[in-house]
Amino acid sequence: MWSLRKGNHIYLEIPSSFSYDKKSFLVRLLVSKEESPFLVDFLLGLKALSMVPGLRKVSFQISNPEYGFGEVWNICQAIQALNDKGIQTSGYCLGGGTKALLLLSFCKSRYSSSAAEFFPVLPSAEPYFFGATAKKYGIGVEAYASGAFKAFGETFQRTSFSAPAKKNIESLLSDQKELLEFGFRNTSGLALKVLEQPILSAEKLKEIGFLTDFLEEDEFEENYLHKDYKKETEDARPEYKKLTASGLRLYNKKKNFSLLSRSLPIVAIVPIQGNILPDLGREEDFRSRQVSFRYYQEIFKELKEDPKVKAVVLEMNSPGGSALVSELLYREIKKLSQMKPVITYVLNVAASGGYYLACGTKEIHGTPYSVVGSIGAVMLRFELKKLYDKFGIKKERIGFYPHRDILSEYGKLSPQSEQFLKKEVLRSRDVFYSRVTEARQKTFAELESKWGEGRVFLGDRFQKAGFLDSCSSLLDILQKLKTDLGAKKIDIQYLPGTYNWKALVQDLKPGLQFAGFPFRSLSEKQKKEDPREILYLSDIATELTK
């Protein structure tokens, strides 16, 4: 066992980004950027580390995170699990914002360069309002909302939020600050007041005791096996033995090796990322950062018919979208949940249609930082007659029938059409409310008075009200699923869509300059792999989960 592990200290990079789709071969040729790992792979790698007997220390190289607080919180929980096991954790960060500092805060020893600077931003908001611009150019915006907090339309109608909407956002930001304050205070003791400074020097962080010491980046990387990351002489002997990712893989293979081959129950994780599209075409292609009906309908059908898949986790990151598609996907999820356990894990956001989909699952879990709620409905209509008048454009209505004006952007709606849209919004809201009350055992009146009408909350507050089953790490949820299935081991399979050339073209902005387009030759040499092997290579996921 010891000969397979070959070490008691590992150096590990915490990536700056995670993937929620896999790139096709063509896209990998066109885009030179190295593909990011999947979050679940990285978390499983950290869990595997916590189970290695004799492991003494982990040194984390922290890059400035480009992901949300949901991912950061999950990584922090995994680092804390190492701390709880008595494993020493050290972190090095050369700069970044609040998220980078939070990751560093969970490490027992914290290092940076004396020249480093951090740029923290505490929870705050500065939204745009286009009401005055729309009025100036003759663009009318009509919003039909089911409640005072469903404030999406206010961005286009007003020059500031209404009092109820502003109060809801202020409450959300206040809860976020409390969570951050708790996180920093209980790990490093850093006061949130310090993070109000827009530029925070490493020297200041050392002065107040947040940083353990100053180091240059190459010292931390090259001397991580030496005491205090300093190699006094060329022949100085390291204090630790190196543990590589390959050694960890061998250890896990040995630990889980069996002469009798047997299939393990599969838990499939399906990422649901982005806005819910109002399209019902026959195209079934995956669309990166968008949720289309046909694609997920086919995915859910395959999962339902696969006997090896024993449970499904929906990794939710959606602010909502089409009410119709939300209802259709909700029904597909319900069909799947009748065959096998389906749960939702809210990574960063499950608002409006995102929470609608979650109500189709057996359980809903998230993080304390997850943004959830926005239970309600809204419709927008743009009226462009005054804009047309500025350019001398006229439209004549011929053969119009009752409510046909709803489909036109020219002219005011009739009173009858306005009433029709108001009723439709309330009908859509009532269907949404019924899905929530059925899933969470709440009453219509309770939703309307405290939790509905478009209000948004953090996961911690929503969980206390009974709208989430827990605020737990993704690894804890997978462990609970394993227990519920009565299995000693499970095979966790992440099922991302393929980011192909079509998605790439959609993401390219107008005016693309070919000089900046990173074509690579097939014969171009690949970047030499670090001999320490970064742990989060996705090919170890299956091995680490068994």
Side-chain angles (χ1 to χ4, degrees), residues 143-153 162-172 174-175 272 276 314 316 318-338 341-346 349-379 419 421-472 477:
Y144 301 88
S146 63
F149 303 92
K150 200 72 173 176
F152 177 68
S162 61
K166 184 177 181 180
K167 185 178 180 181
N168 183 215
I169 294 172
E170 288 174 340
S171 177
L172 184 80
S174 176
D175 286 349
I272 298 183
I276 301 171
L314 304 183
M316 187 67 66
S318 175
S322 167
L324 172 58
V325 175
S326 296
E327 171 64 17
L328 291 173
L329 284 175
Y330 167 88
R331 296 186 183 193
E332 295 298 321
I333 293 169
K334 290 292 284 186
K335 292 176 189 176
L336 177 60
S337 64
Q338 291 170 2
V342 184
I343 68 171
T344 295
Y345 187 76
V346 183
V349 58
S352 195
Y355 190 74
Y356 198 128
L357 301 187
C359 288
T361 63
K362 178 185 175 184
E363 297 174 2
I364 309 174
H365 303 273
T367 79
Y369 290 95
S370 301
V371 177
V372 282
S374 192
I375 302 170
V378 63
M379 288 183 182
Q419 283 300 115
L421 288 182
K422 290 176 181 178
K423 288 181 180 178
E424 278 299 297
V425 166
L426 293 180
R427 183 186 66 82
S428 182
R429 177 208 63 182
D430 290 348
V431 175
F432 194 172
Y433 275 22
S434 70
R435 301 312 184 198
V436 177
T437 56
E438 179 185 353
R440 309 310 304 177
Q441 302 300 301
K442 302 292 181 181
T443 65
F444 186 99
E446 189 176 1
L447 273 182
E448 188 72 1
S449 62
K450 295 181 179 180
W451 307 102
E453 289 199 319
R455 297 174 178 90
V456 289
F457 306 91
L458 282 194
D460 189 54
R461 186 179 294 273
F462 223 42
Q463 187 259 330
K464 290 174 182 175
F467 290 90
L468 294 181
D469 291 287
S470 78
C471 287
S472 306
I477 296 306

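Sequential numbering from 1 along the given sequence is applied to the chain's residues.
- One distance of note links CG of Asp469 with CD of Glu363; it measures 5.0 Å at 0.5 Å rounding.
- No donor-acceptor pair under 3.5 Å is formed between the side chain of Ser174 and the backbone N or O of Ser171.
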Intermediate values then yes/no, side chain to side chain contact (heavy atoms under 4.5 Å, CB included), Leu314 and Leu357: CA-CA 9 Å; Leu314 304 183; Leu357 301 187; 5.6 Å; no

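- Side chains of Val378 and Val425 form no contact here, defined as non-hydrogen atoms less than 4.5 Å apart.
- Residues Ser326 and Gly353 come closest through the heavy atom pair OG-CA, 3.6 Å.
- Across all non-hydrogen atoms, the minimal contact from Leu468 to Arg440 is C-NH2, 3.5 Å.
- Residues satisfying the ring pair (Phe, Tyr, Trp, His ring centres under 6.0 Å) criterion with Tyr433, sequence neighbours excluded, are Phe444.
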Worked check of side chain to side chain donor-acceptor pair (under 3.5 Å) between Ser370 and Thr367: CA-CA 5 Å; Ser370 301; Thr367 79; 3.1 Å; yes

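- One finds the CG atom of Leu447 at 10.0 Å from the CZ atom of Arg429 (value rounded to the nearest 0.5 Å).
- Shown here are the side-chain hydrogen bond (donor to acceptor under 3.5 Å, both in side chains) partners of Tyr330, two or more places apart in sequence or in another chain: there are none.
- Every residue meeting the ring pair (Phe, Tyr, Trp, His ring centres under 6.0 Å) condition with Phe152, not counting sequence neighbours, appears here in chain and number order: Phe156.
- In this structure, Gly320 and Ser352 approach most closely via the heavy-atom pair CA-CB, 4.3 Å.
- Salt-bridge check for Glu170 with Lys167: failed, with every basic side-chain N at 4.0 Å or more from each acidic carboxylate O.
- Contact record, His365 with Ser470: ND1-OG, 2.6 Å, taken as the closest heavy-atom pair.
- In terms of heavy-atom proximity, Gly360 sits nearest to Ile333 at O-CG2, 3.5 Å.
- Residue Leu324 holds its CG atom at 9.5 Å from CG of Leu329, rounded to the nearest 0.5 Å.
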Verdict with supporting geometry, Phe467 and Phe457, side chain to side chain contact (heavy atoms under 4.5 Å, CB included): CA-CA 10 Å; Phe467 290 90; Phe457 306 91; over 6 Å; no

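- Partners of Tyr345 according to the ring pair (Phe, Tyr, Trp, His ring centres under 6.0 Å) rule, which considers only residues two or more places apart in sequence or in another chain, do not exist here.
- The two residues Ser374 and Ala351 make their nearest non-hydrogen contact at CB-CB, 4.0 Å.
- In this view, Thr361 and Thr344 satisfy the side-chain hydrogen bond (donor to acceptor under 3.5 Å, both in side chains) rule, not counting sequence neighbours.
- Here the straight-line distance linking atom SG of Cys359 with atom CD1 of Ile364 works out to 4.5 Å at 0.5 Å rounding.
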Side chain to side chain contact (heavy atoms under 4.5 Å, CB included) between Ser322 and Leu328, worked out: CA-CA 10 Å; Ser322 167; Leu328 291 173; over 6 Å; no

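- Within the 4.5 Å cutoff, no side-chain heavy atoms of Asp460 are placed close to those of Asp175.
- Looking only at side-chain heavy atoms (C-beta outward), Leu458 and Val372 stay at 4.5 Å or farther from each other.
- Here the CD atom belonging to Glu438 is positioned 5.0 Å from the NZ atom belonging to Lys334, to the nearest 0.5 angstrom.
- Note that CE of Met316 is 4.0 Å distant from CD1 of Ile272, once rounded to the nearest 0.5 Å.
- The side-chain heavy atoms of Lys150 and Glu453, taken from C-beta on, include no pair separated by under 4.5 Å.
- For Glu327, the side-chain hydrogen bond (donor to acceptor under 3.5 Å, both in side chains) partners two or more places apart in sequence, or in a different chain, are Arg331, Tyr356, Arg435.
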